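Have a look at the structure below before the remarks.
What you are looking at is a predicted structure, and each value in this text was computed from that prediction instead of being measured. No hydrogens, no waters, no symmetry mates; every other heavy atom, side chains included, goes into these values. By convention in this document, chain letters (A, B, ...) are assigned in the order of the sequence lines, proteins followed by strands, and residues within each chain are numbered from 1.
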Amino acid sequence: MPLPRGVPVAVPCRHRHRLASPTSWIESDALAQCHQVAALDGMIHVAGMPDLHPGKGAPIGAAMMSALLYPFLVGSDIGCGIAVFPVRLRRAVPERLAARFPDLDRALDPERDAADPAWAAVTGDVPAGHTDGLGTVGRGNHFVELARIGAVFEPGHASRLGLDAGNLVLVVHSGSRGLGERVLRAHTEAYGAGPAPDPAAYLARHDEVVRWGSLNRRLLAARVAYALGFEPAEPIVDQCHNLVETRDGGYLHRKGAAPGDGRDVLVAGTRGTPSYLVAAHAGPDANHSVAHGAGRKMSRADALRRGRAKHTVDELRRTPVGSLVVCGDRQLLFEEAPSAYKRIEHVITDLVDHGLATPVATTVPLVTYKTLDAGGSRRPDRRDGRRGRGRP
DNA sequence: ATGTGC
């Protein structure tokens, strides 16, 4: 089948270039990355989501359809996704619940933690036999969040999901904790950024990693459920936004783009603003995908520099919606500040305006767990908030 | 987003 080259980039956003206006802007760097990807051998169609932003070599917030499979387009965190679990708790006082959150930086050890009830989430074998890091949330933009259903836009749809205004949910955003990185590295060491000569072999390992990511989100939810005192349950939604799937005889790569073909997706806001549960109905123009979150507006370095000038640690740990952010790492707190992200409302408006999704309900944060660690080799606490590099 | 190196 002959395939076109140098295809156009469809960016379903109100604004196609970096703008000074506070709407969902698209950085020119990210757009340039889309055009680079569009020029790859075999590329058929590149769709940028409203949360598009620059990544390492490939854009984040993009769905890329190609006749050839390019592992680097999915990146190292294969299997990363967002799941939403029902929470049956009577009262939800953020301070009390934050204090009861389990340590999600510490892996569940099959031997030492053999008696932990959260293991019930594992039915069958652990994919790839990979028990390292099981039950940990990771870093970066990953989080585990107890939230309350806020606005309900589609009551019928929400009820079918078992959700009504005021209900509590647990939102889990986590990936494959190093396992996907191994799979990408194995390819990259042999073929660099080139396509997979044996797509089936890559896909076999990739699919295991995707299953591992989903299992780990269930484990995280189970750990939190037992610690907070409610029964673990199956997720209401669980969509992976870093993966490749076979479709129409080609390979659809999603990098920070959620499957949008008739599925329900949680589009993550920030640690301090609501997230949106949407019914996605994206067609071929958007490569059957929708945004996965608010999308970074600033690089981590910029967010750190500007955040330190603009925010105090206290105001980032107690947010405008009244939620608490459990984050021992001050640097991460600044990097992940709500002001480092686009406004989620604009991303959702863009999805709606382009007919890609219908908002069902919002989830409003109560407690967001990021990490208890103070961060790498950095010093745990410095008066001025500046980071030392390494210990004395 | 990582594990790893300064």
Side-chain angles (χ1 to χ4, degrees), chain A residues 30 33 51-62 71-83 104-107 128 130-145 171-189 193 205-206 209-210 212-214 216-217 220 239-244 253-258 268 270-271 292-304 327-337 340-341 368-380 382 386-392:
Chain A
Q33 285 182 335
D51 57 339
L52 186 75
H53 57 285
K56 257 188 194 167
I60 300 169
F72 88 95
L73 292 182
V74 175
S76 61
D77 200 9
I78 303 163
C80 185
I82 299 178
L104 302 174
D105 303 305
R106 207 201 76 184
H130 185 74
T131 52
D132 293 354
L134 263 182
T136 61
V137 60
R139 289 295 188 102
N141 61 357
H142 292 171
F143 63 86
V144 175
E145 181 172 281
V171 181
V172 178
H173 179 193
S174 187
S176 52
R177 309 297 291 107
L179 181 60
E181 197 274 340
R182 277 206 238 157
V183 172
L184 176 65
R185 183 150 36 90
H187 171 88
T188 306
E189 280 172 357
R205 285 185 282 181
H206 158 285
V209 180
V210 170
W212 195 97
S214 184
N216 199 45
R217 289 188 285 279
L220 283 160
Q239 298 301 342
C240 170
H241 49 237
N242 289 352
L243 82 171
V244 54
H253 310 71
R254 290 195 176 93
K255 172 67 172 174
T270 68
R271 287 351 88 215
H292 78 313
R296 294 199 77 85
K297 184 170 71 179
M298 290 173 210
S299 69
R300 289 186 177 277
D302 284 347
L304 189 57
C327 186
D329 184 340
R330 290 165 168 234
Q331 177 171 328
L332 185 61
L333 208 48
F334 288 117
E335 289 176 356
E336 289 291 311
Y341 284 84
T368 306
Y369 180 104
K370 294 287 290 177
T371 181
L372 294 177
D373 289 345
S377 59
R378 283 177 261 119
R379 294 189 197 189
R382 281 279 215 85
R386 290 172 60 189
R387 298 271 73 103
R389 301 294 301 171
R391 297 185 180 281

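Here dA1(B) presents its P atom at 16 Å from CG of L243(A), a figure rounded to the nearest Å. Across the protein-nucleic acid pair, D105(A) atom CG and dA1(B) atom C1' stand 14 Å apart, rounded to whole Å. Residue D373(A) contributes atom CG, which lies 17 Å from atom P of dA1(B) at whole-angstrom precision. The CZ atom of R182(A) sits 15 Å away from the C1' atom of dT4(B) (whole-angstrom rounding). One interatomic measurement links the two molecules: CG of N242(A) to P of dA1(B), which rounds to 8 Å at whole-angstrom precision. Atom CZ in R139(A) sits roughly 12 Å away from atom C1' in dG3(B) (whole-Å rounding). K255(A) has its NZ atom 11 Å from the P atom of dT2(B), to the nearest Å. The CG atom of D132(A) sits 9 Å away from the P atom of dG3(B) (whole-angstrom rounding).
The distance between the ring centers of H241(A) and H173(A) falls below 6.0 angstrom.
Counting non-hydrogen atoms under 4.0 angstrom, G175(A) reaches nothing in the nucleic acid. As judged by a 4.0 angstrom heavy-atom cut-off over every strand, R300(A) is placed among residues touching the sugar-phosphate backbone only.
Phosphate contact (OP1/OP2 of dT2(B), side-chain N/O of H142(A), threshold under 4.0 Å): present. Side-chain N/O atoms of R177(A) include one lying less than 4.0 angstrom from OP1 or OP2 on dT2(B).
Within the structure, salt bridge (Lys or Arg N to Asp or Glu O under 4.0 Å) pairs that include any residue of residues 173-187 of chain A comprise E181(A)-R185(A) (at least two apart or interchain).
In this view, Q239(A) satisfies the side-chain hydrogen bond (donor to acceptor under 3.5 Å, both in side chains) rule with no residue, not counting sequence neighbours.
At least one donor-acceptor pair under 3.5 Å links the side chain of H53(A) to the backbone N or O of D51(A).
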